2 protein chains.
Amino acid sequence: MENYTDIPKDLKFAVLEKIKPDEAERKKLIEIQEELAAEVKAASEKLGVSGVLVKMVGSAARGTWLSGTHDIDIFISFPEETSRKELETLGMAIAREVAKLAEYAEDRHAEHPYLNIVFKGFNVDLVPCFRVASAAHIKSAVDRTPFHNDFIKARIKGCEDDVLLLKQFMRGCGVYGSELKTQGFSGYLTELLIIHYGSFENTIRAACSWKPGEKIDIMQHSEIEHREPLIIIDPTDPRRNVAAALSLDNFCMFIDCCREFLKSPELKFFFPACPLPLKDREILERLESRKSTQLAVIFKTPDVVEDVLYPQLYKMEQATAALLKEYEFSVIKTGVWSGENETVIMLELISGTLPNVKKHIGPPVWVKEHAQKFKEKYTGAEDVFGGYIESGKYVFEIRRKYPTAKGLLENQLMSCSLGKQVHQSVNEGFEVIENAEMCRLKEFDFRVFLRKWM
Amino acid sequence: MENYTDIPKDLKFAVLEKIKPDEAERKKLIEIQEELAAEVKAASEKLGVSGVLVKMVGSAARGTWLSGTHDIDIFISFPEETSRKELETLGMAIAREVAKLAEYAEDRHAEHPYLNIVFKGFNVDLVPCFRVASAAHIKSAVDRTPFHNDFIKARIKGCEDDVLLLKQFMRGCGVYGSELKTQGFSGYLTELLIIHYGSFENTIRAACSWKPGEKIDIMQHSEIEHREPLIIIDPTDPRRNVAAALSLDNFCMFIDCCREFLKSPELKFFFPACPLPLKDREILERLESRKSTQLAVIFKTPDVVEDVLYPQLYKMEQATAALLKEYEFSVIKTGVWSGENETVIMLELISGTLPNVKKHIGPPVWVKEHAQKFKEKYTGAEDVFGGYIESGKYVFEIRRKYPTAKGLLENQLMSCSLGKQVHQSVNEGFEVIENAEMCRLKEFDFRVFLRKWM
């Protein structure tokens, strides 16, 4: 084993002081939860809906929420035999009745519709669900949550601080959150890690030696093979990997942070300094120093939720890089930034220009028919510089269709396979800017992104 | 079969008129041969060497020489039991005695020493050899020649014109000559092809459908596997491939020319127009049109025979391209030109410059020890732009050591594995010039090479 330093108790106290809800916050949350539960009950009675139970779930219900987060999940639970239609109609009717008391309400949609409200400053999800016998019999993904809640509540007692420390540590590493933008660790996942390893410190130490394929199966009931880097079998569902959303790079980033943290356990891992936006002058200096080509594809940010937007952006990032490679541009790296108004796909290239001449390699001379057709096509054709035989194959030097990456993107980007909303937005208009032109993009958050980028 | 045109008889006549020795040339050659044979006999008698026979070999002896070539091969044949030393001493003594009558004489060396003389305007090789029982028992490569001679003389009668046509056709294609510079077809090889296929026309037609691995074994006695593109088993030696020196690209070039020729059989295939040297203005225009980077590595031509020089130049061409690729430059093509004074390795690149930033990919994060060492080495080091995790691996953006191909070659060319004489010459000094600087190289023959090159 490596000779890592112990994590000082003082450090943990210092972190907890900042993130652990105090008595007042805790009391307030419980009050609000109870008030909401009573409102749901009242609403269902008022609407004459019977058999409805109220379930408090999520970190608020389990005492593992980070101070300052005001998220409450209230599940409106219907008997299993309720029809899908009824669940949606009656569930939403009850939620809307409760929402009459809220400052703000918004219909949302996962597998089923649910209601998101702001109630006395708290961000509350009112979620209709089925009350099934076990998590293996769920009718919808949300039906699983009450089982998660029961599992964690029964085992987390006394370890709440460790969960808080782990969540905040992951936040500091930038790997906390299982939504499709982040592709990191979910709250439930951190709780399972703490239950499995017993403490924050044990989890960090164990993670230093994780390898892809690392598997934790608390209930020893795994039923199928998983191919994700981290496999944490859901204790309430033997077929589900709780860490399925975690990307390979975030898995590695967490391992890396755990190692660094144990080498020198400091507060900055939990609360990293906010990077400053890059100034125009710094952009120009860095361009001059790197001497690569920076391209930015800019378009209007589509008006969809992040869980829909980001997978489309990541897909576009891949597709754009593939297009450039297909046309022989060398891509150093790619990135995505999306703000309220504009979205940017960033591409760093070895060079944004290629020579006019392009080596076009044909079939071997002895593959007679193909070879002759190839030769006929290019011999004496317009825009052919010359031809020769190399390694037994006909080679023609032809004129490159797109000698600049900017020209290629401007002409061929729309031929890439893009997600629906991104396609729509790009189709309405996009722009490709190069190197120093980036100074035009002034948004604070983009400039922060740039500091890490270049 | 394809619908190729017949080769017009008139065309063959027109070619033969230019290349077939007339009666006077033929008579002159026979006279000279007989005179030389008599001189060799006289010399051996004068020196008191017994058991010596004179053998006329080569195309002159077989009636398959191209008009205007004045090459005569005289073999001075010793009994098999002669020692190697004796053969060399006595053989060369006889040759030198004959050379007293010559305008010029030069010692040469293949496996054994031999004498090259100019005698009455003819270029004569006087070659001592062993008189062995069969070609399978040769003591030196030259001992094979008399057997070749006997084999061809016994079978070529009536087909001499076909041999002449094939040789001239191959000359026109640039694939005639088995020396290491050309890597083409030898004279003996053309004779075997005519014997096998029966005529010039049949050979050309057959070659249109050749594939690598094409094998002709006239005596049906092949004993070992060969991997060259064309395999013509020596009728006098079951283990030898007569076409071993033929390169894949010349094999293909010949196939290509045969197809083109049959499509439109014209005189130009036998006598292609001499390309004109490229003018300065044309060089600049072509550079501007191609927009690639042309590099020329120039050094003094080593003073060695072509069979020693060219393998070393081809090796250097490969090594230089490999060096450039190792440092991430994209090579479009490479070439070699060698004149009396200067030798040039030509390199065409996608670009002669690369950005300062270089993506250096390390081990996967989970290969703990390696990964940690890698990270430690680059974290915060000088000339490191930044680091991140990509596809599970640590990546650092480091400063490229050689951002220009010219700088790379100037610094690292001598670290390439080069042949002895080329190494010596390059070590004494070389220069790397770029693009328009090529206009400095004025040699006619180089400028002719350039016309094909760019």
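These numbers come from a predicted model, not from an experiment. Sequence lines set the chain letters: A, B, ... in the order given, protein chains first and strands last, and positions in each chain run from 1.
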Legend entry - Leading residue by heavy atom contact count with chain B [cutoff under 4.5 Å; candidates A:E348, A:M253, A:E328, A:K333]: A:K333
Legend entry - Taking every non-hydrogen atom, the tightest pair across B:D249 and A:I389: OD2-O, 3.5 Å
Legend entry - Interface moiety of B:E376 toward chain A, non-hydrogen atoms closer than 4.5 Å: side chain
Legend entry - Contact origin within A:E397 toward chain B - heavy atom pairs under 4.5 Å: side chain
Inset, instruction - Please flag which part of B:R400 lies under 4.5 Å from any non-hydrogen atom of chain A: side chain, backbone, both or neither. - result: side chain
Inset, instruction - Assess whether atom NZ of A:K358 is packed by more than 12 heavy atoms of other residues, nucleotides or ligands within 6.0 Å. - result: yes
Inset, instruction - Taking atom types as modelled, find out whether A:Y394 and B:D256 have a side-chain donor-acceptor pair closer than 3.5 angstrom. - result: yes
Legend entry - Contacting moiety of A:R399, where chain B heavy atoms sit under 4.5 Å: side chain
Inset, instruction - Find the one option among A:R290, A:E390, A:R286 whose heavy-atom pairs under 4.5 Å with chain B are most numerous. - result: A:R290
Inset, instruction - Could you tell me which portion of B:E214 (side chain, backbone, both or neither) has an atom closer than 4.5 angstrom to a non-hydrogen atom of chain A? - result: neither
Legend entry - Residue part contacting chain B, namely of A:K375, when any heavy atom lies under 4.5 Å: side chain
Inset, instruction - Find the one option among B:A371, B:G386, B:S391 whose heavy-atom pairs under 4.5 Å with chain A are most numerous. - result: B:S391
Inset, instruction - Considering non-hydrogen atoms only, spot the tightest contact between A:L248 and B:W366 and give its length. - result: CD1-CZ3, 3.9 Å
Inset, instruction - Could you tell me which portion of B:S351 (side chain, backbone, both or neither) has an atom closer than 4.5 angstrom to a non-hydrogen atom of chain A? - result: neither
Inset, instruction - Nearest 0.5 Å please: distance from the CD1 atom of A:I350 over to the OG1 atom of B:T353. - result: 10.0 Å
Legend entry - For the student: nearest non-hydrogen atoms of B:N356 and A:S289, plus distance: ND2-O, 2.8 Å
Inset, instruction - Measure B:K359 against the heavy atoms of chain A and call it side chain, backbone, both or neither at under 4.5 Å. - result: side chain
Inset, instruction - For B:K368 and A:R259, run side-chain contact (heavy atoms from CB on, under 4.5 Å): C-alpha distance rounded to whole Å, both residues' side-chain angles, the deciding distance at 0.1 Å, then the answer. - result: CA-CA 10 Å; B:K368 201 167 166 182; A:R259 291 181 190 156; 3.5 Å; yes
Inset, instruction - Check B:K291 against A:P355 and note the closest heavy-atom contact, atom names and distance. - result: O-CB, 3.2 Å
